[in-house]
Amino acid sequence: MSTTIDAKIRIQLENFSITDEIEAMKKVSRNIGGITTFLGTGREISKGQNISELNFEHYPKMAEKKLEEIREKSIKDFGIIDMSIIHRIGHIDIGENIVLIVAAGEHRGETFKACEWAIAELKRTTPIWKRETTSTGEVWVQDTP
Amino acid sequence: MSTTIDAKIRIQLENFSITDEIEAMKKVSRNIGGITTFLGTGREISKGQNISELNFEHYPKMAEKKLEEIREKSIKDFGIIDMSIIHRIGHIDIGENIVLIVAAGEHRGETFKACEWAIAELKRTTPIWKRETTSTGEVWVQDTP
Amino acid sequence: MITIKYFASLKSIAEKEEDSLDIENPISIDQLSDIISKTAPKMGAVIREKKVMISVNQEMASADTIIRDGDEVAFLPPFSGGSI
Amino acid sequence: MITIKYFASLKSIAEKEEDSLDIENPISIDQLSDIISKTAPKMGAVIREKKVMISVNQEMASADTIIRDGDEVAFLPPFSGGSI
């Protein structure tokens, strides 16, 4: 777990600043013309049930490795300039930031494609698990809606 | 021209904070699960020429009206929860923020689609013009690359 | 009175940002273009070559759109969109 | 010594987070699963029903992947992705 804003891949307990992450990304190149960002936040309702809190657990080392693979493949396959991926773990309240993907490129088309692919790939390949707390108890969420 | 962060459509001289805009968006609904954001920034090079500065001009009233139309159509056609669009005018340095589109939804798919459509539609329909200053002078940019 | 507005690159072609024309109306955009061409032939050429879009009261218009006293007509060069 | 790790919902099924097995090796994931089933039948059932993915040294593995002394084997329930 690292909290250095220069690290392009991070899994951390604390919140992140989207502005700071984008400003860090802008420093990578003066040719960046478009930055597409996806932010995942904690929703209040899941399958009709009110959620009071979320908890995230990850497999250390493997999760970071998968995120780095996603970053490298995004740069290579979509021709973007750079990408950063930050995922929080531990306790997260409704409305709080969970995951951030920042895709920067010369033109906007590739940044949308890369960002959308990266979040789907993160959900598919990165060992991170979510536990939802509702009025009926706690449950590990096993599907990817 | 308004600078109230609650206004979902703004054309303004001053910079904006992406974090503040996203936090304002989160307040709209506790069912927001995904927020896709597009940020357009000033690139250093355009068609092989070094750009030293940018200037933006808009047609007041008409530009705001077009942005509001884009916002309303995005919400209606893509089923997102809400969208904000902010465009700066006047002098803008390389690397600075120019335009921000924030699309918030319950699920990520519609937020990517709405955000990508909105920036394309903004470029197509909104009366905003860009003047680039290079070593050979100033030129109004008339194509949409 | 019809208000005419020029934006971006058209300001230097028209050599003004705004104009007020005290002309007989209603007339079509096409007829207005003829009137402008007489006093500003360079601007007339740009309009004739369809290098600009035209709005009436902030809505997109076409050659046969009718304009009336108090209307605001704007000549709009292609938009740059302000980003990539 | 083979290190075994359980995550998320599997921790309560296995009733532990980590285990160290001093077993003869190299063996396949399939053979390891048999050994686990003997001492932890509920966990064995989950593995047999393919409700989990398995990694060896942080890379995805399959039933015939061979594991050796010092390897880290992890049982991974379906990922939630942590967002929408």
Side-chain angles (χ1 to χ4, degrees), chain A residues 15-23 25-46 48 50-52 54 81 93-120 122-123 130 144-145, chain B residues 15-23 25-46 48 50-52 54 81 93-120 122-123 130 144-145:
Chain A
N15 198 4
F16 45 79
S17 154
I18 299 155
T19 296
D20 290 353
E21 298 305 329
I22 286 182
E23 289 303 321
M25 181 57 80
K26 280 186 188 172
K27 292 198 177 78
V28 170
S29 164
R30 283 168 70 89
N31 281 329
I32 292 173
I35 299 177
T36 296
T37 300
F38 178 77
L39 175 70
T41 60
R43 246 187 312 166
E44 191 171 17
I45 294 174
S46 172
N50 259 43
I51 300 166
S52 57
L54 300 165
I81 292 171
D93 280 322
I94 301 308
E96 278 193 63
N97 299 334
I98 300 171
V99 58
L100 182 75
I101 298 187
V102 179
E106 281 190 52
H107 301 282
R108 68 177 191 276
E110 62 252 29
T111 66
F112 276 105
K113 284 194 192 78
C115 193
E116 192 167 12
W117 178 81
I119 182 64
L122 183 154
K123 290 175 66 63
K130 174 167 67 173
T144 54
Chain B
N15 198 6
F16 45 79
S17 155
I18 300 155
T19 296
D20 290 353
E21 298 305 330
I22 287 182
E23 290 303 320
M25 181 58 79
K26 279 186 188 174
K27 293 197 177 80
V28 170
S29 164
R30 284 169 71 89
N31 281 331
I32 292 172
I35 300 177
T36 296
T37 301
F38 178 76
L39 174 71
T41 61
R43 246 187 311 168
E44 192 171 18
I45 294 174
S46 171
N50 259 46
I51 300 165
S52 57
L54 299 166
I81 292 171
D93 281 321
I94 301 306
E96 278 192 62
N97 300 334
I98 299 169
V99 56
L100 182 74
I101 298 187
V102 179
E106 281 190 53
H107 300 283
R108 69 177 191 276
E110 61 251 29
T111 67
F112 275 105
K113 284 193 192 77
C115 193
E116 192 167 12
W117 177 82
I119 181 66
L122 184 154
K123 290 175 66 65
K130 175 169 66 174
T144 53

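Lettering follows sequence order; numbering is per chain, from 1.
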Counting distance only, does the side-chain N/O of A:T41 pair as donor-acceptor with the main-chain N or O of B:I35 below 3.5 Å?
no
Using atom types as modelled and distance alone, determine if a side-chain donor or acceptor of A:S17 lies under 3.5 Å from a backbone N or O of B:T19.
no
Who wins among A:I51, A:T37, A:I18, A:V102 for the most heavy-atom pairs under 4.5 Å with chain B?
A:T37
Checked A:S29, A:G42, A:A120 vs chain B; the most non-hydrogen pairs under 4.5 Å come from A:A120
Side chains of A:T36 and A:T111: any donor to acceptor distance under 3.5 Å?
yes
Lys/Arg N to Asp/Glu carboxylate O, A:K26 vs A:E23, below 4.0 Å
yes
Please classify the contact between B:A103 and chain A as side chain, backbone, both or neither, with a heavy-atom cut-off of under 4.5 Å.
neither
